Amino acid sequence: MEIRDIERAAEILRPAKRVAVLTGAGISAESGVPTFRGPDGLWRRFRAEDLATPEAFADDPKLVWEWYDWRRGKIAGVAPNPGHTTLAKWERRFPSFTLITQNVDGLHVLAGSRHVLEIHGSLWRTRCSVCREVREDRRAPLAELPPLCFCEGLLRPDVVWFGETLPMEAWRMAETAAEESAVFLVVGTSSVVAPASSLGLVAARAGAHLFEINPEATPMAPLAEGVFRTSASIVLPEIARALGAG
Ligand code: OAD
């Protein structure tokens, strides 16, 4: 299916009371954040099982931290793009708007979104593996690796690793938003990582209008009523303009 009908999407969105959006690495691609599965994707160059599992961290916390800190360094200076800023404005545009992201880059928050369900955590938070305290960090690389808590426990990135469960409260809210949304947008995700990949399906089964924004084909596309095969940083502002014009 190849539908590029901005007007139609805007018509459906305009009266919608409940809108939910799921974003993935693709929305940040044009800000300069690497995706995971593209030609230059992180998982093409690194093995997830060596760097993004609890076992890897137990084996070699410094190595795991070096990788996360390298990513922090890469992302620290990047800015949100018009895709992020459009979604930030939509928080005020719709009576109920839920932004769910798999991204750990913090760019939705930086763009001005106040309520973001970060279901895979954040690169800019640490969590103590002993006392469990969660701390917000500056958007900068760390001074010392691996970092230690005030309690002397080892800090870990507050992200979800393979084999771990998602933060319960955020996930529950994401599922509810998918079930209750009138319109659900799946933006910049390959839709291959469970359970996030199920949210579009949950929404479509519950009767939502499902749209996808992604330059590449994904398993979500056949379920969508509209597919925009171009960059989120272009399409989202276009839809916003069409919305405003109606
Ligand atoms: P992926 O790297 O799997 O997919 C990124 C998607 O973005 C691809 O489908 C691209 O086609 C699309 N894309 C690229 N540029 C785009 C643009 N300008 N506009 C819109 N879309 C674009 O990233 P995710 O789906 O986010 O999990 O990956 C899901 C999870 O897998 C991540 O959260 C991470 C990873 O392992 C954890 O670390 C737990």
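These numbers come from a predicted model, not from an experiment. Here, residue 1 is the first one in the sequence, and each next residue gets the next number. Just follow the structure's listing: the first ligand is 1, and inside any ligand the first atom is 1.
With sequence neighbours excluded, the residues forming a side chain to side chain donor-acceptor pair (under 3.5 Å) with S31 are N81, listed by chain and number. Among residues two or more places apart in sequence or in another chain, the side chain to side chain donor-acceptor pair (under 3.5 Å) test is passed with E169 by R172.
Protein neighbours of ligand 1 below 4.0 Å, counting non-hydrogen atoms: G24, A25, G26, A29, E30, T35, F36, R37, W43, Q102, H120, V160, F162, G188, T189, S190, V193, N214, P215, E216, S231, A232.
V192 belongs to a hydrophobic cluster whose other members, connected by ILVMFWY side-chain contacts under 4.5 Å either directly or through intermediates, are V193.
The pair E212-R229 meets the salt-bridge criterion, with a side-chain N (NZ, NE, NH1 or NH2) lying under 4.0 Å from an Asp/Glu carboxylate O.
Ring geometry for F94 against W90 counts as perpendicular: the plane angle is over 60°, on a 0 to 90° scale with 30° as the lower cut.
The shortest heavy-atom contact between C151 and C128 is SG-SG, 3.6 Å.
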